[in-house]
Trainee: 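Have a look at the structure that comes next, please.
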Amino acid sequence: MLVVFDSPSSATRAAERLRDDGVVVHLFADGQPAVLAVVAHGPGSEALRALDGVVEVREPGPFLSTLSAGAPLVVDVAGVAFGGAALPVIAGPCSVDDEGRVEHIAHAVRDAGAALLRAGVTKVRTHPYGWNGPGKDALRPLRDTGRTAGLPVVSEVLGESDVDAFAESVDLLQVGARNMQNIPLLRRLGRTRRPVLLKRGFGCTVDELLGAADHVLSAGNPSVILCERGIRSFEHGVRFSLDLSALALLKTRTRLPVVVDPSHAAGDARLVAALAKGAVAAGADGLLVEVHDDPARARSDREQALTLDAFRGLMTDVARVAAAVGRTLHPPLPERP
Ligand code: PEP
Ligand code: MN
């Protein structure tokens, strides 16, 4: 339940009183409006309505993520801002399949204008026979590779027990589509100070995505970036159907930044540029693109990986589309080394 107050001071007073009574609450007094999320052991809505300074009590639903929709929230990832006028592009291989290779890819995508390096170290695969990634031991080398290239790093964390190890090494913790409703994981991520990249489950609605984001936010982590990565449809010509309607809808419903992953939607490198340009035109706050220096040798998702050349071309095209909708890339292409 969310309780909206007329001022931060009444919200703070109510929070203290409820906490004294053993109620689990989260106070968001710095936002507009000031809000208290009553998470557990709370009194009923009538009793909450009677507290001093209460404007409104909102019943369950995806709430925190929808507060002040329209006023964009900027999420900072190691100095890279998501949700502002400039769009960061996250790029890199699906998985770390060879460290030297990742280093080469990292420098190349940075030179092409990427703002963050992505690479999975523990992979969940549709079938149990595929490459599962090199494991958590690859986290530190991945972080060092990112540092050497000057890029913050994002990698997918699969379970609660891995959160600390990942949070030590990566700058942005990715929740994969298959894990979007792993509630214990989301709650655990709510207790880290690292920002979270929450990918939409391919069978999940926008409301369910916002509900998942609320699990992270209500557990205390305000830094969530949403990611549309395609949903299951009747169309089998593509791996998933990129849902640009969801992007447009999310823009009306939440102030959290929304990035788009055209690679996992397309499942085919030839389609990635069109989807990426469409996403930027439709208001995406960033992109996540799989890139490999030798896609044929990638150990996961090789069909959708862009070559380094294709990625360079994509960045030029995407910068033009961004300019056409009054935005830029971060970093801006002319400042690239
Ligand atoms: C990935 O980013 O490599 C990935 C597995 O994505 P998703 O969870 O969207 O399938
Ligand atoms: Mn992948």
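Here, residue 1 is the first one in the sequence, and each next residue gets the next number. Order of listing sets the numbers, starting from 1, for every ligand and every atom in it.
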Trainee: Would one find an N or O of Gln174, backbone or side chain, under 3.5 Å from an N or O of ligand 1?
Mentor: yes
Trainee: Can we say Arg187 and Glu160 salt-bridge, meaning some charged N sits less than 4.0 Å from an Asp/Glu carboxylate O?
Mentor: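 Not counted as a salt bridge, because no side-chain N and carboxylate O are separated by less than 4.0 Å.
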Trainee: Are any side-chain N or O atoms of Arg302 and backbone N or O atoms of Ala298, one a donor and one an acceptor, separated by less than 3.5 Å?
Mentor: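 Looks like yes, one N/O pair under 3.5 Å.
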Trainee: Has ligand 1 got any nitrogen or oxygen that is less than 3.5 angstrom from a nitrogen or oxygen of His264?
Mentor: yes
Trainee: I'd like to know if Arg118 and Glu156 make a salt bridge, using a cut-off of under 4.0 Å between side-chain N and carboxylate O.
Mentor: no
Trainee: With heavy-atom distances below 4.0 Å as the criterion, list the atoms of ligand 1 near Cys94.
Mentor: 3 (O)
Trainee: Salt bridge or not for Arg13 and Glu16, using N-O below 4.0 Å?
Mentor: no
Trainee: In terms of atom number and element, which parts of ligand 1 are under 4.0 angstrom from non-hydrogen atoms of Glu290?
Mentor: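 Every atom of ligand 1 under 4.0 Å from some heavy atom of Glu290: 1 (C), 3 (O).
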Trainee: Are the charged groups of Asp317 and Arg320 less than 4.0 angstrom apart, N to O?
Mentor: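 So Asp317 pairs with Arg320 through a salt bridge.
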Trainee: Do His215 and Gln181 meet the criterion of a side-chain donor-acceptor pair at a distance under 3.5 Å?
Mentor: no
Trainee: Output the list of atoms in ligand 1 that are nearer than 4.0 Å to some heavy atom of Arg118, sorted by atom number.
Mentor: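 Atoms satisfying the 4.0 Å criterion: 1 (C), 2 (O), 3 (O).
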Trainee: Should Gly120 be listed as contacting ligand 1, given a heavy-atom distance under 4.0 Å as the test?
Mentor: no
Trainee: Under 4.0 Å between a Lys/Arg side-chain N and an Asp/Glu carboxylate O for Lys123 and Asp301?
Mentor: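 Salt bridge between Lys123 and Asp301, a charged N being under 4.0 Å from a carboxylate O: no.
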Trainee: For the Mn ion (ligand 2), what is the closest N, O or S atom on Asp301?
Mentor: OD2
Trainee: So that I can tick it off, tell me whether Arg299 and Asp98 are bridged by a salt bridge, with the cut-off set at under 4.0 angstrom between side-chain N and carboxylate O.
Mentor: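 Here Asp98 does not pair with Arg299 in a salt bridge, since their nearest N and O are not under 4.0 Å apart.
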Trainee: Specify the protein heavy atom at minimum distance from atom 10 (O) of ligand 1: its residue, its atom name, and the distance to 0.1 Å.
Mentor: Arg229 NH2, 2.8 Å
Trainee: Tell me the protein heavy atom at minimum distance from atom 6 (O) of ligand 1, and give that distance in Å.
Mentor: Lys199 NZ, 2.9 Å
Trainee: Quick check on Arg200 - does any of its heavy atoms sit under 4.0 Å from an atom of ligand 1?
Mentor: no
Trainee: Under a 4.0 angstrom heavy-atom cut-off, which atoms of ligand 1 come close to Gly176?
Mentor: 8 (O)
Trainee: Rounding to 10°, state the angle centred on the Mn ion (ligand 2) that links SG in Cys94 with NE2 in His264.
Mentor: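 Taking the Mn ion (ligand 2) as the apex, I get 170° for this pair.
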Trainee: Would you say Arg194's side chain and Ala167's backbone share a donor-acceptor pair under 3.5 angstrom?
Mentor: yes
Trainee: Which of the atoms of ligand 1 are close to Ala177, meaning less than 4.0 Å from one of its heavy atoms?
Mentor: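 Here the atoms of ligand 1 in question are 7 (P), 8 (O), 9 (O).
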Trainee: So if I count the atoms of ligand 1 from 1 in the order they appear, which ones are less than 4.0 Å from some heavy atom of Lys123?
Mentor: 1 (C), 3 (O), 5 (C)
Trainee: Name whichever N, O or S atom of Glu290 ends up nearest to the Mn ion (ligand 2).
Mentor: OE2
Trainee: Would you call Arg312 and Asp111 a salt bridge, taking side-chain N to carboxylate O under 4.0 Å as the test?
Mentor: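 A salt bridge is absent here (no side-chain N lies under 4.0 Å from a carboxylate O).
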